[in-house]
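Read the structure below first, then the notes.
Just so it is clear, the values below take in all heavy atoms, side chains as well, and ignore hydrogens, waters and symmetry mates.
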Amino acid sequence: LLFLMTFIALMNISFFYKHAYTIFFISLCLLLSVEIIGTFGKGAERWIRIFGVSIQPSEIVKIGIILSLAKYYHTIKFENIGHLFHLFIPLLIIFLPFLFVLIQPDLGTSISILLLGAIIMFVSGVRIWKFILASILIMVSIPFLWNYVIQPYQKNRILSFLNPESDPLGQGYQLIQSKIALGSGSLVGKGFLKGTQAYLEYLPEKQTDFIFTLIGEEFGFIGTTFIILLFLLLISVCYYISIKSNHI
């Protein structure tokens, strides 16, 4: 994995621009393949195995969305971005993966895809009134979605997210345990590999979904602050690269 990260980092950025749509198409094919050769686990079919390695195409497709939307808006004159005609392809790029992920089912990732696409469209120059109109339509449709689209287990997850204490041994268990673990880390943490919540298996999926909580328990407020600063540094570097690469 480290070798792959290094290899991608050293690649010329023009390669990603040139093959942005191809990368999106491949990621979309991987997403579709989940329905054919996907492995089932934890109530959903979201993973596929390639050469013995398990991957989640719904995460790869996010990269494809970013690259393809960036290329599309790069090819349009800024004054033309607001035209309704130029919304069709971006919405297609966003909603195809959204629907495929939604039927896996993976409500959280599908919503993150919508938010990701909306953010890219916003920073690309799509007029804000279109987002306000879309937000109003979503708010109006919430009762219909809640009663006829969202599954009972998804409703329970949403309700437990808003109030984990309502079901402390069921849907709210993970959130409650994560807060306990994070709070127990205090200022400097319990030490590397000494987190009780994590290593006594009170904290589920500590290596993925709750990795930040694990760091907080082991290294405390100082450790989590350092991680946030590293992310800010990463974002700053990405922003610098984007400014330097405005002519491809």
Is there a path of hydrophobic side-chain contacts, each under 4.5 Å between heavy atoms of I, L, V, M, F, W or Y residues, that connects L162 with I176? no
Heavy-atom distance under 4.5 Å between the side chains of F85 and N80, does that happen here? no
Under a 4.5 Å cut-off applied to non-hydrogen side-chain atoms, are L28 and P97 in contact? yes
Worked check of side-chain hydrogen bond (donor to acceptor under 3.5 Å, both in side chains) between H86 and Y72: CA-CA 9 Å; H86 292 298; Y72 179 78; 3.2 Å; yes
May I ask you to decide if the ring planes of F3 and F7 are parallel, tilted or perpendicular, using 30° and 60° as cut-offs? parallel
Look up atom CD1 in I93 and atom CG in L96, then write down how far apart they are to the nearest 0.5 Å. 9.0 Å
Side chain to side chain contact (heavy atoms under 4.5 Å, CB included) between F161 and L175: does it pass, once the steps are laid out? CA-CA 7 Å; F161 173 76; L175 285 175; 4.1 Å; yes
Linking I/L/V/M/F/W/Y whenever their side-chain heavy atoms sit closer than 4.5 Å, directly or via other members, would I65 and L92 fall into one cluster? yes
How long is the span from the CD1 atom in I113 to the CD atom in E59, to the nearest 0.5 Å? 8.0 Å
Could you state whether L182 and V188 fall into the same hydrophobic cluster, counting links through intermediate Ile, Leu, Val, Met, Phe, Trp or Tyr residues with side-chain heavy atoms under 4.5 angstrom apart? no
Using a 3.5 Å distance criterion without hydrogens, assess whether the side chain of Q197 forms a donor-acceptor pair with backbone atoms of E217. no
Closest contact, heavy atoms only, T213 versus S178: CG2-O, 3.1 Å
Taking OH in Y21 as the centre, count heavy atoms belonging to other residues, nucleotides or ligands within less than 6.0 Å. Is the count above 12? yes
What's the separation between atom CZ in F226 and atom CG in L229, rounded to the nearest 0.5 Å? 8.0 Å
Evaluate the side-chain proximity of F212 to T224: yes if any heavy-atom separation is below 4.5 Å, no if none is. yes
Minimum heavy-atom distance between S27 and G64, given as atom pair plus value: OG-CA, 4.2 Å
Give a yes or no on this: more than 12 heavy atoms of other residues, nucleotides or ligands lie within 6.0 Å of atom CZ of F131. yes
Taking the side chain as every heavy atom from C-beta outward, state whether L69 and I94 have any pair of such atoms under 4.5 Å apart. yes
Does any N or O in the side chain of K71 come within less than 3.5 Å of the main-chain N or O of Y17, such that one atom is a donor and the other an acceptor? yes
Looking only at heavy atoms, what is the nearest atom pair of P90 and Y73, with distance? CG-OH, 3.4 Å
Would you say I158 and L107 make side-chain contact, with heavy atoms under 4.5 Å? yes
Consider only side-chain heavy atoms of I, L, V, M, F, W and Y, link residues closer than 4.5 Å, and tell whether I128 and M139 are in one cluster. no
Within the supplied structure, the quantity of interest is the number of heavy atoms (other residues, nucleotides, ligands) at a distance under 6.0 Å from L230 CG; does it exceed 12? yes
Side chains of V61 and L30: does their closest heavy-atom pair fall under 4.5 Å? no
When rounded to the nearest 0.5 angstrom, what distance separates CG in L87 from CD1 in I81? 10.5 Å
Please work out whether the ring planes of F192 and F219 are parallel, tilted or perpendicular, with thresholds of 30° and 60°. parallel
Between CD1 of I63 and CD1 of I8, what distance do you get to the nearest 0.5 Å? 7.0 Å
Which pair of heavy atoms, one from V101 and one from S58, lies closest together, and at what distance? CG2-CB, 3.8 Å
Take a 6.0 Å sphere around NZ of K155 and say whether it holds more than 12 heavy atoms from other residues, nucleotides or ligands. yes
What's the shortest heavy-atom distance between F100 and L31, and which atoms? CB-CD2, 3.7 Å
Could you check whether the rings of H19 and F15 sit parallel, tilted or perpendicular, using 30° and 60° as the cut-offs? tilted
Could you state whether I150 and L115 fall into the same hydrophobic cluster, counting links through intermediate Ile, Leu, Val, Met, Phe, Trp or Tyr residues with side-chain heavy atoms under 4.5 angstrom apart? yes
Atom CE of residue position M11 - does it have more than 12 heavy atoms of other residues, nucleotides or ligands inside 6.0 Å? yes
To the nearest 0.5 Å, tell me how far I76 CD1 sits from H83 NE2. 10.0 Å
Judged by modelled atom types alone, do Y199 and E218 share a side-chain donor-acceptor pair under 3.5 Å? yes
